[in-house]
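First up is the structure itself, then whatever we jot down about it.
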Amino acid sequence: MASCNNGGEKTNKGIVGDAKESIIGTWQSVQYGGYDIEDGIRTDWEEDYTEEVYTFYEGGKGEYKDTDSNISQSYPFHWEIRDNDQLIIDGDEIYTLITLNDKEMVWEVYEKYGDDISYAKEIFKRIDQPTSDEPEEPSGTDDTETDLSASQQNFVGLWEYTFTINRPGHFLFLSNGRGRVEPYTSGIVSGQDNMNGYWTYDTEKQILSTTMNYQFNITLSVQDAWAGYRIGTDSECKGKRLDNPDKYLSMYLEMVEWENEPTNLPSSYTCIYSDITIEKQNIKASYNISNSYKGTIKISGYSSENPQLTISNNHPSFKYFKSGTYKGTFAD
């Protein structure tokens, strides 16, 4: 609801401390009420309303959920607070905070169109208070990783592989069992293109298996290399660990689908990533789209089953790579 604050019913403010800190957490609507004045006639209204849930994270990111069973939608948003009482969501939704403490938040909206007036007030209760700047899901840890033995953990990462007579291809194995293969050409395996799937390593049988048409009897496995024979053939395969953040990120982005498809650019645009850092559970990078639009991305919990993409940019009018936080789903 876009609005302007033209001095409607000013209520005694009850904001505790710095609103930018006090608002951090998750809030559920409790009551919604107000009045409309149209053609000199005032109509008051009020209702119990529990379908809206707002989560505010540090750094200006947030998530909105409508829990109405007939709608059931959610989307990320950006927020800021000015003058300790003006809450601005996505640049054009403006709310005046009149109460904000550790249990309750109340905001109001006052709009005037000529002689007509619309006033609304919504009351929220706090239902959670995360302390990090990221949603609780994912948590930033990957429980599946702790289930891997040392020999299994050795295969996690980006690999360049070669068969006896073929040019190199690439495997990306994540600690949650997800993986991707990108052959040098689709002719390496007849009819095969780049594929997403799963991988596992049987420690006792020394078999590296994938759902991507590759299974190997492993004869050597050290920290930065492995070797073996492809099952069902006499082809020897060697893999070496590859330190290539660009390749790692490009393969990873082909494995995950993001809600609302924020990074799906038309072919007329080109996106180049730089300053890529890959940590235990986070990937960070800068991007440049056709030398016109720039920003940063952060992928949290990238090896969990619930990765999350956060985009920050300097181009609010550009319809792609919109600032916000987006949930990811692995593509099988």
Side-chain angles (χ1 to χ4, degrees), residues 1-5 15 18-30 32 49-68 71-100 104-109 111 120-138 140 256-264 287 293-301 306-329:
M1 164 165 45
S3 65
C4 59
N5 184 21
I15 299 175
D18 187 341
K20 294 178 182 177
E21 298 178 359
S22 300
I23 202 171
I24 302 301
T26 300
W27 304 85
Q28 181 178 18
S29 60
V30 176
Y32 191 42
Y49 186 63
T50 61
E51 281 80 19
E52 287 194 319
V53 177
Y54 287 84
T55 300
F56 297 88
Y57 303 108
E58 295 176 2
K61 297 180 285 290
E63 182 178 16
Y64 169 83
K65 292 182 180 180
D66 190 323
T67 61
D68 187 328
I71 302 175
S72 186
Q73 64 175 343
S74 65
Y75 54 80
F77 62 83
H78 266 239
W79 64 272
E80 62 176 306
I81 291 179
R82 299 176 184 173
D83 300 326
N84 210 46
D85 68 350
Q86 296 298 299
L87 171 63
I88 303 171
I89 295 179
D90 285 340
D92 60 0
E93 296 181 30
I94 304 174
Y95 305 94
T96 299
L97 296 168
I98 57 177
T99 301
L100 181 59
E104 185 180 57
M105 175 173 66
V106 182
W107 68 40
E108 63 181 2
V109 176
E111 298 175 308
K121 181 172 71 173
E122 192 165 3
I123 301 174
F124 298 83
K125 66 178 181 179
R126 185 188 295 278
I127 60 175
D128 191 18
Q129 188 171 358
T131 57
S132 70
D133 62 351
E134 303 295 343
E136 290 191 338
E137 184 181 18
V256 180
E257 298 174 348
W258 305 106
E259 64 177 350
N260 301 325
E261 301 182 340
T263 60
N264 287 22
Y287 68 84
Y293 308 102
K294 300 178 181 180
T296 61
I297 66 168
K298 177 182 178 181
I299 303 172
S300 306
N306 301 286
Q308 180 176 276
L309 171 67
T310 299
I311 300 175
S312 301
N313 63 43
N314 64 351
H315 48 79
S317 61
F318 188 52
K319 66 182 295 185
Y320 304 101
F321 278 72
K322 284 283 190 181
S323 289
T325 302
Y326 307 88
K327 293 180 180 178
T329 303

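These numbers were taken from a predicted model, which means no experiment stands behind them.
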Worksheet item: Can you tell me how far NZ of K65 sits from CD of E51, rounded to the nearest 0.5 angstrom?
Response: 14.5 Å

Fill in: Inter-residue atom distance I123.CD1 - M105.CE, 0.5 Å rounding
11.0 Å

Fill in: Residues forming a side-chain contact (heavy atoms from CB on, under 4.5 Å) with T296, sequence neighbours excluded
S286, S312

Discussion item. Determine whether Y54 and F124 satisfy the following criterion, ring-ring contact (aromatic ring centres under 6.0 Å, His included), listing intermediate values before the conclusion.
Written reply: CA-CA 9 Å; Y54 287 84; F124 298 83; 5.8 Å; yes

Discussion item. Heavy-atom count check: over 12 atoms from other residues, nucleotides or ligands less than 6.0 Å from K20 NZ?
Written reply: no

Item to complete: Check step by step if side-chain contact (heavy atoms from CB on, under 4.5 Å) holds for N306 and K327.
Response: CA-CA 7 Å; N306 301 286; K327 293 180 180 178; over 6 Å; no

Worksheet item: Looking only at heavy atoms, what is the nearest atom pair of P307 and V256, with distance?
Response: CG-CG1, 4.2 Å

Item to complete: Would you sort out whether R126 and E104 count as a side-chain contact (heavy atoms from CB on, under 4.5 Å), showing the intermediate values?
Response: CA-CA 6 Å; R126 185 188 295 278; E104 185 180 57; over 6 Å; no

Worksheet entry | Flag side-chain contact, heavy atom, 4.5 Å: D18 against N84 | yes

Item to complete: Would you check if N313 and Y320 make a side-chain contact, meaning some heavy-atom pair closer than 4.5 Å?
Response: no

Worksheet item: Atom CD in E122, atom CD1 in I98: separation rounded to 0.5 Å?
Response: 11.5 Å

Worksheet item: Any donor-acceptor pair under 3.5 Å linking the side chain of Q28 with the backbone of T50?
Response: yes

Discussion item. Centroid separation under 6.0 Å, is that true for the rings of F321 and Y287?
Written reply: yes

Item to complete: Working to the nearest 0.5 Å, report the span between CD of E63 and OG1 of T325.
Response: 8.0 Å

Worksheet item: Quick one: does L309's side chain get under 4.5 Å of T263's, heavy atoms only?
Response: yes

Discussion item. Would F77 and F56 count as a ring-ring contact (aromatic ring centres under 6.0 Å, His included) here? Give the steps.
Written reply: CA-CA 9 Å; F77 62 83; F56 297 88; 5.5 Å; yes

Worksheet item: When you measure from the side chain of S29 to the backbone N and O of Y49, does any donor-acceptor pair fall under 3.5 Å?
Response: yes

Worksheet item: Taking the side chain as C-beta and beyond, is there a heavy-atom pair between I299 and W258 under 4.5 Å?
Response: yes

Worksheet entry | CD1-CD distance between I88 and E93, expressed to the nearest 0.5 angstrom | 11.0 Å

Practice prompt. Evaluate the side-chain proximity of Q86 to I81: yes if any heavy-atom separation is below 4.5 Å, no if none is.
Written response: no

Item to complete: Kindly indicate whether the side chain of I311, heavy atoms from C-beta on, has any atom under 4.5 Å from the side chain of K322.
Response: no

Worksheet item: Rounded to the nearest 0.5 Å, how far does CD1 of I15 lie from CD1 of I23?
Response: 9.0 Å

Worksheet item: Within the distance-only criterion (no hydrogens, no angle test), does the side chain of W107 pair as donor or acceptor with the backbone N or O of D85 below 3.5 angstrom?
Response: no

Worksheet item: How about I89 and Y95: do any of their side-chain heavy atoms sit closer than 4.5 Å?
Response: yes

